[in-house]
Amino acid sequence: METYTSPSDHVQLHDLLFVALFSEKDVRERVQELGQAITQQYQDKQPLFISILSGAFVFAADLMRAFDGACEVGFVKLASYSGTTSTGEVKTVMGLEKELRGRHIIVVEDIVDSGRTLHYFHEYLQAQEPASICTVAFLRKPEAVVFPVKVDHVGFDIEDRFVVGYGLDYDGLGRNLPGVYQLAER
Ligand code: 5GP
Ligand code: MG
């Protein structure tokens, strides 16, 4: 079986087949809308975008360029996933070097599944005493949220099925896909 076939309406990654869910155009239009909403919200506030690595790096890059104003960006690496299922444990792999006290923080996450990652990160952030915290998630699986987290802006709500593309991977592959693909039904 091929490891990778080039994207159109479907893509093969390792042993799994994924079908198109959102096109590059769908994604671009939605990210622009989110950028405009955040621009309105943060006039003259110079927010600090914090991108949760690795999955959110593509979304964060586009979102901050859709933001029209002065802003900064920082990165934190947290992980709770292995393969296509959550391992149930959130580990901070790489910390933030920025001073967060008094800052307006915009947390940028690729996808909210159980909510564990964001729940954990919120607790960490709150302890740093920022001026405000706003959370933006590119995708959210509403059926799968077991940890209560407030997400202020969501790109798309999706069903509870594993997705790849636009920064999201399946065991390392698929992050470069410009659209979003979901696991095909067996
Ligand atoms: P949570 O902590 O909300 O359960 O999981 C969030 C993290 O798990 C996301 O940041 C993402 O890295 C990973 N994740 C959750 N669902 C998916 C999915 O459908 N596809 C991929 N590639 N990663 C996912
Ligand atoms: Mg993530």
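Whatever order the structure lists ligands and atoms in, that order sets their numbers, starting from 1. Just so it is clear, the structure is predicted and the values come from calculations on it, not from any experiment.
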Minimum distance, heavy atoms only, to atom 16 (N) of ligand 1: which one of H119, R175, K141 is it?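 When every heavy atom of H119, R175, K141 is considered, K141 comes closest to atom 16 (N) of ligand 1.
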
So which of D110, V149, V112, D113 gets nearest to atom 10 (O) of ligand 1, if we judge by its closest heavy atom?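 Closest candidate by heavy-atom distance is D110.
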
I need the minimum non-hydrogen distance between [X] and [Y], along with the two atoms involved.
X    : Y    : value
G155 : R30  : O-NE, 2.7 Å
L177 : V11  : CD1-CG1, 3.9 Å
I133 : P130 : CG1-CG, 3.7 Å

Would you please determine whether Y170 falls within less than 4.0 Å of ligand 1 on a heavy-atom basis?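 Per 4.0 Å heavy-atom rule, Y170 does not contact ligand 1.
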
Within less than 4.0 angstrom of ligand 1, does V164 place any heavy atom?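 The answer is no, since V164 has no heavy atom less than 4.0 Å from ligand 1.
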
In terms of ring plane angle, is the pair F18 and Y170 parallel, tilted or perpendicular, where the classes change at 30° and 60°?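 Rings of F18 and Y170: tilted, as their planes differ by 30° to 60°.
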
At under 4.0 Å between heavy atoms, which part of T117 makes contact with ligand 1: side chain, backbone, both or neither?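 Looking at T117 and ligand 1, atoms from backbone and side chain both fall under 4.0 Å.
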
Could you tell me, atom by atom, which parts of ligand 1 come under 4.0 Å of a heavy atom of [X]?
X    : value
G115 : 1 (P), 3 (O), 4 (O)
R116 : 1 (P), 2 (O), 3 (O)
S114 : 1 (P), 2 (O), 3 (O), 4 (O)
L168 : 21 (C), 22 (N), 23 (N)

Any link between I111 and F147 through a network of hydrophobic side chains (Ile, Leu, Val, Met, Phe, Trp, Tyr) touching at under 4.5 Å?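 Shared cluster, no.
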
Joint hydrophobic cluster, L125 plus Y120, side-chain heavy atoms closer than 4.5 Å: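 In one cluster with L125: Y120, yes.
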
Can you find a heavy atom in the side chain of L63 that is under 4.5 Å from one in the side chain of F138?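 No, their side chains stay 4.5 Å or more apart.
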
